[in-house]
Number of protein chains: 4
Amino acid sequence: MAERRRGAVRSESARRAILGATARLFAQAGYDHLAMERIAAEAGVGKQTIYRWWPSKGELVAECLLEGMLLPQRFALIDTGDIRADLVDWIQRLFDILGEPGGEGLMRSLIAAATENADVGRRLRESLGGTSSVTVRLASAVASSQLRADAPLQEMGEALIGAVLVRALSRVPVAEGDAARLVDAVLGNSVGAS
Amino acid sequence: MAERRRGAVRSESARRAILGATARLFAQAGYDHLAMERIAAEAGVGKQTIYRWWPSKGELVAECLLEGMLLPQRFALIDTGDIRADLVDWIQRLFDILGEPGGEGLMRSLIAAATENADVGRRLRESLGGTSSVTVRLASAVASSQLRADAPLQEMGEALIGAVLVRALSRVPVAEGDAARLVDAVLGNSVGAS
Amino acid sequence: MAERRRGAVRSESARRAILGATARLFAQAGYDHLAMERIAAEAGVGKQTIYRWWPSKGELVAECLLEGMLLPQRFALIDTGDIRADLVDWIQRLFDILGEPGGEGLMRSLIAAATENADVGRRLRESLGGTSSVTVRLASAVASSQLRADAPLQEMGEALIGAVLVRALSRVPVAEGDAARLVDAVLGNSVGAS
Amino acid sequence: MAERRRGAVRSESARRAILGATARLFAQAGYDHLAMERIAAEAGVGKQTIYRWWPSKGELVAECLLEGMLLPQRFALIDTGDIRADLVDWIQRLFDILGEPGGEGLMRSLIAAATENADVGRRLRESLGGTSSVTVRLASAVASSQLRADAPLQEMGEALIGAVLVRALSRVPVAEGDAARLVDAVLGNSVGAS
DNA sequence: GACTAATCGAGACGGTACGTCTTGTCTTCGT
DNA sequence: ACGAAGACAAGACGTACCGTCTCGATTAGTC
């Protein structure tokens, strides 16, 4: 028989208000100037209600990320059959965020969150279209013989996402054609003639 | 006529004590638990002496980084003539740090510092052997025809360093052979036969 | 005809558990560190069950006091025929409490409760043998001509109890003979020759 | 040689602002609804500045009491040569406070503070004209043969003040002539004819 | 027996206040 | 004039309780 629960049940409306407030304030202030006290006030909620369900600011942000409330768009890799075009399109969308006003700060805030919280770190990769999504797309390219069978798919995905992070951290502005060059670097037509 | 300076000159011993205390406490506590008050106490210095010369915690950490006090080793790329071997060696040294106890935390703390402070962001790349160093090595490889002349050198460097950052952020442990696989991915022998 | 009630009736076991927990925690922590939440937990009872029957912490403590669960002994004034001896005996018993370990804290906690809650204030006097009891005894002394007919009985009682409270509040330790001196002061053999 | 201190010195203006805010809020809200957070806000002061100098709310209130900021008047015993008249006048002034609107609450709040803090307890007696003042006056009466040489002066003072506290705690309103009756009780013309 | 209430335990909720910690500025004094 | 020491206003931190409300389960009468 199932264990019977007693007492009031978790309020879904409080949960949504908290996540909403977190997303809103995260976009405004970034991760480290995100104050639990402000979240509680903005959400019209007692602080304890936050701490009851999330052990830390990191976990809270991680859940927002998981729910897609922090990043403006989804970064899924589309499969048009052309692996290079698909990757360039994907990286370009990521670079576009960095170009938008506040976009670079948003990305850096997410990275800051990832440094503090393991969950955010893991989920950040996924939210950026990260590994699973890239690996699947690359595997599909292997199947259609666009890539060699022994291509290090995971490392390729990490290198692509990582390059985006480096751009965000080093504040180097993105230029026309950077996305294509990056994809070319990783896809390997940089190899000398054999 | 030149304005003559008056009064005591900046104390070099105070400067070194502050940087030393910063490096020591950074290693112990990481970037966000690094408190200016603690640094001042540890250095035996008034807080104002810190704020007089560095505008923020970020700048202070950036200067430590620049002086090589935060990272255990230098990450220069060595030129043995074999570009693949040199890159694998370099990446492996970076991965090794992640494997050491506290090493992953150190790297994440540096990333956290980079998210807050532009100087740290720029210098972090350089400290990891970043762009200049890599680009020079890659250019040398172009010269010896190991790489094509139109290879996107900067993007390749960013992809390699970025992949290391992604590993640090996502807490995925580094396995045997990962460094080689990563270098292969970026060097491009994953391309299908044309 | 009276409206007939339906549904469950008040649980006597819950009531006793609550009063018991209150008395226990009161002795441990004193009035202001007495938490309703702790009482409920200690009693194995829902908080609402307390609030259903007692409007406040004060009322709860007042009921404990009334049931004699907070003070170790009863402080009735005994009538042996000798008014001075009886009063000295009574005051001495009160002073004895202050001398016991934790006794002074207990008395101060009761005073604290009295400052917050009118019921406790009134009942505290009674619990200490207060006015009714003293007045009755003094009236008996009047009857036996040990006191003048116009003696201000109520004020004498208040002065005696009050002196005990002052000792508790001011933390002045009780010395041998203090009880007798106090009674003598109030009974009036301090008057100069007329 | 004396130890030399360095660094900024305590701000007198902050100290006065804090004591002033405490006195104001104490009068409004009483001891237990007196919030450190409010005091800091009202005084325009950081909370830490309060905690730096006073370990607790009790100590803070004790200092206010000592500075005479909590009680409306001084309760010194005047020496007109007539001990009975002087005591009646003194007690009447104390009873008058209880009669004023909010006065009873003020007195109870002081008692509450005294239950929590030893300093307040001691100083409360003194502020009410307590022992020293009373004892001196009584000793003067002994000198002028209005009281017997062996009169228990301290106990008489405690009994008088205590009676006032009992009135405050038990919420019994003060009536015309109560002060005189109380003084008579303690001065001892209640003794039967010898 | 079914229905209807009231009570129970548990515990989530919006809040207030706590006492600590850190930030960056300001002040004082010793060198 | 500079440096150490350290006080200051501000405000976030995470914890403890407050008193209310909500949940199912249980317990008594009434029908």
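Proteins come first, then strands; the chains are lettered A, B, ... in the order of their sequence lines, and each starts at number 1.
- Evaluation of the side-chain contact (heavy atoms from CB on, under 4.5 Å) rule for D/A118 yields C/R171, D/R122 as partners, not counting sequence neighbours.
- Over its full length, the helix from E/dG1-F/dC31 to E/dT31-F/dA1 turns its helical axis through 10°, comparing axes from the five pairs at each end and rounding to 10°.
- DNA chain F lies under 4.0 Å from at least one heavy atom of each of the following residues of residues 19-43 of chain C: C/L34, C/A35, C/M36, C/E37.
- Under the side-chain contact (heavy atoms from CB on, under 4.5 Å) criterion, B/A29 pairs with B/H33, not counting sequence neighbours.
- For the OP1/OP2 pair of F/dG29 and a distance below 4.0 Å, the side-chain nitrogens and oxygens of C/R6 include no atom meeting the criterion.
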Counting only pairs under 3.5 Å, give me each side-chain donor-acceptor contact of residues 103-115 of chain C, with atom names and distances, residues two or more places apart or in other chains.
from	atom 1	to	atom 2	distance (Å)
C/E104	OE1	C/R108	NH1	2.9
C/R108	NH1	C/A168	O	3.1
C/S109	OG	C/Y31	N	3.2
C/S109	OG	C/G105	O	3.2
C/T115	OG1	C/A112	O	2.5

Side-chain donor-acceptor pairs under 3.5 Å in residues 36-52 of chain C, sequence neighbours left out?
from	atom 1	to	atom 2	distance (Å)
C/E37	OE2	C/K47	NZ	2.8
C/E42	OE2	C/R24	NH1	2.5

Worked verdict on C/S56 versus C/N117 for side-chain contact (heavy atoms from CB on, under 4.5 Å): CA-CA 9 Å; C/S56 69; C/N117 187 274; 3.9 Å; yes

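- Partners of D/S11 according to the side-chain hydrogen bond (donor to acceptor under 3.5 Å, both in side chains) rule, which considers only residues two or more places apart in sequence or in another chain, are D/S13.
- Partners of A/Q28 according to the side-chain hydrogen bond (donor to acceptor under 3.5 Å, both in side chains) rule, which considers only residues two or more places apart in sequence or in another chain, do not exist here.
- With sequence neighbours excluded, the residues that form a side-chain contact (heavy atoms from CB on, under 4.5 Å) with D/R123 are D/A62, D/L65, D/L66, D/D119, D/E126.
- What separates CD1 of C/I18 from P of E/dT7 is a distance of 13 Å, to the nearest Å.
- Taken residue by residue, residues 44-57 of chain D places heavy atoms nearer than 4.0 Å to DNA chain E at D/K47, D/Q48, D/Y51.
- In terms of the salt bridge (Lys or Arg N to Asp or Glu O under 4.0 Å) criterion, residue partners of C/R16 (sequence neighbours excluded) are, by chain and number, C/E12.
- Take C/E67 and apply the salt bridge (Lys or Arg N to Asp or Glu O under 4.0 Å) test, not counting sequence neighbours, and it matches C/R15.
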